[in-house]
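Accompanying notes for the structure given below.
Every value quoted in this text rests on a predicted model; they were computed, and no experiment measured them. Each ligand, and each atom within it, is numbered from 1 in the order the structure gives.
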Amino acid sequence: MHIHIFWDRLSPSGFQVPVKRLISSILGVEATVTENPVRIMGYVTARKQVDAPALLDSIQTYKHLHQITEPVLLVVHQDLFRNGNSFVFGLARESVGAGVVSTARLGNEYYGREASDEDHIDRIAKEGAHEIGHLLGLPHCTDQECVMFKPDTLDELDRKKKVLCASCREHLDSLIIPG
Ligand SMILES: [Zn+2]
Ligand SMILES: [Zn+2]
């Protein structure tokens, strides 16, 4: 079993390999990263945002066409929203093994702070590992330092460590069948 990471060509370049390595180490699952082949659907001009569920539909279609059964995480640069939320950092649909993460609000620049590649990479990896965690069957966690904690703000995302708590780790181990 391994995770497919699809990297949109306008997502920050040069981050692919460090993000992939971090996600792989957080979850303990192998990952590969390739240029995104999925059509970006759901862009809403008036909001300058992409409808995350529409993007998940697009991933679902691609997976079906290409008979990919393993989890797919798409990393895009566009800001994401879903019905009822002004924005989302990412979204996962466990039933089809598809997840998406936006890099838009994960860089310091967005908040008027000094840019840092390291911060940006860490946040994409934490958010990406979180969504893939859902695809592998993990629910949200109440431990604020655990990758499976649901952050509503950048500060909450930054408070998380690049690890699963002991209980999520144990849970994931029980969900992943070796080999
Ligand atoms: Zn979540
Ligand atoms: Zn946890």
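With the Zn ion (ligand 2) at the apex, C165 SG and C141 SG define an angle of roughly 110° (rounded to 10 degrees). The Zn ion (ligand 2) lies at the vertex of an angle of 110° between the SG atom of C146 and the SG atom of C168 (rounded to 10°).
Of the N and O atoms on the side chains of N36 and D8, not one donor lies less than 3.5 Å from an acceptor on the other residue.
A donor-acceptor pair under 3.5 Å is absent between the side-chain atoms of H140 and the main chain of K150, judged by distance alone.
Ring geometry for H134 against H130 counts as perpendicular: the plane angle is over 60°, on a 0 to 90° scale with 30° as the lower cut.
A salt bridge is defined here as a Lys NZ or Arg NE, NH1 or NH2 lying under 4.0 Å from an Asp or Glu carboxylate O, and R82 with D51 fails to meet this definition.
Atoms of the protein (N, O or S only) found under 2.8 Å from the Zn ion (ligand 1) are H130 NE2, H134 NE2, H140 NE2.
Coordination check, H171 versus the Zn ion (ligand 2): failed, since every N/O/S atom of the residue sits at 2.8 Å or beyond.
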Run the side chain to side chain donor-acceptor pair (under 3.5 Å) test on D79 and Q49 for me, step by step, so that the C-alpha distance in whole Å, both residues' side-chain angles and the decisive distance to 0.1 Å come before the verdict.
CA-CA 5 Å; D79 196 24; Q49 284 180 309; 3.0 Å; yes
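Cluster partners of I59, using a side-chain heavy-atom cutoff of under 4.5 Å among ILVMFWY residues and allowing indirect links, are F6, V38, I40, Y43, V50, L55, L56, Y62, I68, V72, L74, V76, L80, V88, L91, V100.
A cation-pi arrangement is present between R105 and F87, with the terminal nitrogen or guanidinium carbon under 6.0 Å from the aromatic centre and inside a 45° cone about the axis.
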